[in-house]
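Following: one structure in structure tokens, then a few remarks.
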Amino acid sequence: MNEGKKSIAESISREPLLWDRGRVGRSGFSLPKRDVEDTPINEALLGQGPDFPDVSEVDVVRHFTKLSQLNFGVDTGMYPLGSCTMKYNPKINEKQAKLEGFTGAHPLLPCELSQGALEVMAELEEFLLEITGMDAVTLQPAAGAHGELTGMLIMHAYHKFHGSHRTKIIIPDTAHGTNPASAALCGFKTVPVTSGPDGILGADTVAEIMDEETAGIMITNPNTLGLFEEHILKIAEAVHEKGGLVYGDGANMNAIMGIADVGALGIDILHLNLHKTFSTPHGGGGPGSGPVCVMKNLASFLPVPRIITHNGEFALSEDFPLSIGRIHGFYGNFSVMVKALSYILSMGSDLKKASQLAVLNANYIKEKLKDVLHLPFDRPCMHECVFTDRLQQKNKISTLDMAKRLIDYGYHPPTIYFPLVVSGAIMIEPTETESKEEIDNFVEAFKAIAEEAAHSPDLLRQAPTAGRISRLDETEAARHPCLTG
Ligand SMILES: *Cc1c(COP(=O)(O)O)cnc(C)c1O
């Protein structure tokens, strides 16, 4: 057992497994003595049960409460994980999703008994179209990457329908990693393009490589550097001119809700991450939802079933002969849709303000920290800002060291070493839900860490020290996870 492994085991062993807490004969409840005879046949039927520990109710409650306290979430503190939009999601939206009528709805019920659920979906579709400025949408995809795959299938179906055989997709170096993966999964060859020194893509760069064998481009806007692709109109023009389509990765919608009309930017297909922007946290391990919006000329390729209105009632129709087919069992992850609709209705026109505050907060952090952290692109950012560890390298302190030290200061670390185009990247996304005081505290913590990097670098190399678990050997932890201590 190496050092790293031992320390994990030691830390976790402070909270024993329920099996170790159990004592033979202990029970979680007591019932009055039964007044009938034992029936031996029952024992026989029961047979040998699973080896559950004998524990009391308080044993169980304390065990799980302690485990829950080992976790860090948006409910515990600021979670500035760039690219993930880990904002606070109001509990009211969870409450709506938990309404009995929704949780009890069965996907196999006929449409006439599911009018309420279908109305929720139809209404959400309308709102998403209004927010994005697109023409038609599917709610089926279960995540952002799944939306990308759906979008690529739609792009492929569109070209096939028009009798054109296209094999390539242009993908800028600032795209999210899932973009090339989704394109490749669809059989497209990805053609990388490099962004300019200002961190955004030039239209000429795209025009140069766009040809009639290229199906289109996948562009993340705002891009993964947190910068708005300002030449998007010209880029879209260059792609359309050669018969291609523009796929917009809209996972960063939190920066532009009610501000940018994506349809008017020349984007033909766009996915959203409801589990980032619309009141479900990203990375929570729970269900997600990555709706795909398209312009009119692509609507007939959307997955089926689609929600239609028929004789004043909502219905599900499979009658779309050009559709790419189903991409999810039933209709997608319904509870995430309920939360999104509840969020949109409760925010109303404040959605725009949410984006404005998200952008303001990121720019505030950028300005406050640029004296202590190297800022590779010193220009106004959108909802997240990207620094590097260049200034700390002279003290042999890396991005990883600083991120780990933030844990000691009570923060979830930002996204690190992403985007890949920035060496030693530290990507901070504060979101709109943090107050100025919280953000100021975070800034002070980072300044203190920069100070430590200069004067007591050893402290950082050992971080985190305040948590239950010290620095892990990340390779070892990934290859040989030690789950039981
Ligand atoms: C998060 C993200 C994705 C992928 O979304 P998942 O739901 O995690 O699959 C794609 N693109 C960008 C820009 C993202 O931030």
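Each ligand, and each atom within it, is numbered from 1 in the order the structure gives. Just so you know, these numbers use all the heavy atoms, side chains as well, and skip hydrogens, waters and symmetry mates. What you see is a predicted model, and the numbers here were worked out from it, not measured in a lab.
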Name every donor-acceptor pair, under 3.5 Å, that has one atom in a side chain of residues 189-197 and the other anywhere in the protein, sequence neighbours excluded.
| from | atom 1 | to | atom 2 | distance (Å) |
| --- | --- | --- | --- | --- |
| Ser195 | OG | Asp173 | OD1 | 2.6 |

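Under the 30°/60° scheme for interplanar angles, the aromatic rings of Phe334 and Phe102 are found to stand perpendicular. Ring-plane geometry between Phe442 and Tyr411 is classed as perpendicular, the angle between the planes exceeding 60 degrees on a 0 to 90 degree scale with a lower cut at 30.
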message = Set out, in order, the CA-CA distance, both residues' side-chain angles and the distance that settles side chain to side chain contact (heavy atoms under 4.5 Å, CB included) for Phe387 and Thr399, then state yes or no.
response = CA-CA 9 Å; Phe387 296 100; Thr399 288; over 6 Å; no
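Listed by chain and number, residues touching ligand 1 at under 4.0 Å (heavy atoms only) are Ser83, Ala143, Gly144, Ala145, Glu148, His176, Thr178, Thr220, Asp249, Ala251, Asn273, His275, Lys276, His282.
When the ring pair (Phe, Tyr, Trp, His ring centres under 6.0 Å) test is applied to Phe314, no partner is found at least two apart in sequence or on another chain. Applying the side-chain hydrogen bond (donor to acceptor under 3.5 Å, both in side chains) rule to Thr132 yields no partners; only residues at least two apart in sequence or on another chain are considered.
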